[in-house]
Amino acid sequence: MTNQFESAFDIAQKIKESSITAKEVLFGYLENIRSKNGDLNAFITQNDDIAISQADAIDQKIKSGKEVGILAGVPIAIKDNICTNNFETTCSSNILKGWNPPYDATVIKNLTAEDAIILGKTNLDEFAMGSSTEHSAFGPTKNPIDTTRVPGGSSGGSACAVKAEMASVALGSDTGGSIRQPAAFCGIVGMKPTYGLVSRYGLIAFASSLDQIGPFGKSVRDCALVLNAISGHDPRDSTSLNIDKDDFVSHVDRDIKGLKIGLISEFNEFLDDRLKASLTDAADLLRENGAEILEISLPYVKYSLSTYYLIAPAEASSNLARFDGVRYGLRVDGDNVDEMMINTRTKGFGQEVKRRIMLGTYALSSGYYDAYYGTAQKLRTALISDFKNAYRNVDVIICPTTPTGAFKFGSKLDDPLQMYMSDIFTIPSNLAGHPAISIPFGLDNDSMPLGIQILADGLCDSKVIRVASALETLRDQVSPKN
Ligand code: GLN
């Protein structure tokens, strides 16, 4: 009997060759969802009947000799801030519970055009604001490796689903680290593509100049395969880039000879012994296999977190103004329109979302705009020019994904700043709009997985995939269990 829980790449291959049916594969995953989701809470909406009819249609196509797509029969989980016509889309917020979008996001259309099977919608921190999936109106998701710990966030449901074999691959969104951080916490691969490479039409906006959709998978190859399906120009998204489509899978399993790889000296002060060990091991492996390792400096990187926490809430406060009790989801009545809006937003939004709206409104208020938002924009430009200078000397940069492994539930809930610190290594790529991937590499003192990130200049997604794939292979040669 074929093992159904192998890579998405192999699943699609075997289904195409008829050595297994899409339905058999799907039933394996549905069984896992049935047995594990009650405890882990990765999926918040699901519809087996739709998934089964999708699988039937693919099996039928294959039987009648028709062409099938590159994700034929691959069961995929979707973060619940991506609009789906067949499933309600809530952003894990009370304000949107019960809202059924009248359309599919472009990425959903792309996935189904390639014959992927949509399993359902996954849990997240409300409106993607958070790093632990504890800020969800549906309750927290658990880390499948140790259920007393968070899976990371905000795309914690998607990362958990892939790790626990409730989905083969998944989509998340990454505004400041929300794909890479949960990927690192759950010991899987997660990638944030270049800003504009993947359409965001149908992604419910958090911070529009930072948001990006990307894949989760058990391997770099699976992420590259999903990226092949979801990337490409979309006239419905004004930030979508109109460029030639790359075949990202073709950059897997290449060598890294002669590539120059940078280490950011400003990050050294944040590295404890375990992080240092994982970064040094990764650098050594890459060097032994033909890469050159160089120290680089990004003087403005130390302002990234502060910059992000001005820009992201500012954009969020504006984007979330649309949830007013008139157009979408929840309405709590009042004596007049103003009261109705206040009641709706008071009841509908959770504490963290309200905190971001207040931070953002303050940063944008007249008299403070230049001092806060204006300064943040200047710092963002300075960081981008730091990266430009660095990429004159190196092809890619490597650094840890997170300052710690997965933490215990409740340990950072009372201290938002501690929670925000989870993203110090991931946020710079969002501010710059650059691609970055996290792969599992090393363990923390509690034996929880750590991640290594590979960053590159804008539109160098293939380089990120090439180096990540090489490092993944080298890691497995040294310690096959990682
Ligand atoms: N944790 C960060 C935040 O809370 C990033 C979230 C994200 O990438 N969506 O804003």
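On a predicted model such as this, the values are computed, not experimentally measured, just so you know.
Under a 3.5 Å cut-off, the side chain of Arg475 and the backbone N or O of Gly442 do not form any donor-acceptor pair. No donor-acceptor pair under 3.5 Å is formed between the side chain of Asn123 and the backbone N or O of Ala42.
Counting only residues at least two apart or in different chains, salt bridge (charged side-chain N to carboxylate O under 4.0 Å, His left out) contacts with residues 182-209 comprise Arg200-Asp237. Counting only residues at least two apart or in different chains, ring-ring contact (aromatic ring centres under 6.0 Å, His included) contacts with residues 397-419 comprise Phe185-Phe407. Applying the side-chain hydrogen bond (donor to acceptor under 3.5 Å, both in side chains) definition to pairs two or more places apart or across chains, none involves residues 339-348. Within the structure, salt bridge (charged side-chain N to carboxylate O under 4.0 Å, His left out) pairs that include any residue of residues 302-316 do not occur (at least two apart or interchain). Among residues at least two apart or in separate chains, there is no salt bridge (charged side-chain N to carboxylate O under 4.0 Å, His left out) pair with a member in residues 406-417. Residue pairs meeting the ring-ring contact (aromatic ring centres under 6.0 Å, His included) criterion with at least one partner in residues 69-110, sequence neighbours excluded, are Trp99-Tyr328, Tyr103-Tyr201. For residues 32-47, the salt bridge (charged side-chain N to carboxylate O under 4.0 Å, His left out) pairs, not counting sequence neighbours, are Glu31-Arg34, Arg34-Asp48, Asp39-Lys142.
For the salt bridge (Lys or Arg N to Asp or Glu O under 4.0 Å) test, no residue two or more places apart in sequence or in another chain qualifies with Asp222. With sequence neighbours left out, the ring-ring contact (aromatic ring centres under 6.0 Å, His included) criterion links Phe270 to no other residue. Remark: Tyr309 engages Tyr420 in a ring-ring contact (aromatic ring centres under 6.0 Å, His included) (not counting sequence neighbours). Residues meeting the ring-ring contact (aromatic ring centres under 6.0 Å, His included) test with Phe267, sequence neighbours left out: Phe425. Contacts of His135 classified as ring-ring contact (aromatic ring centres under 6.0 Å, His included), with partners at least two apart in sequence or in another chain: none.
Ring pair Tyr362/Tyr372 is tilted by interplanar angle, where 30° to 60° counts as tilted.
Side chain to side chain, Thr122 and Lys79 fail the donor-acceptor criterion of an N or O pair below 3.5 Å. When only modelled atom types and interatomic distance are considered, Asp423 and Ser131 share a side-chain donor-acceptor pair under 3.5 Å.
Under 4.0 Å is where a charged nitrogen must lie from a carboxylate oxygen, and between Glu88 and Lys121 no such pair does.
No side-chain heavy atom of Ser173 sits under 4.5 Å from any side-chain heavy atom of Ile179.
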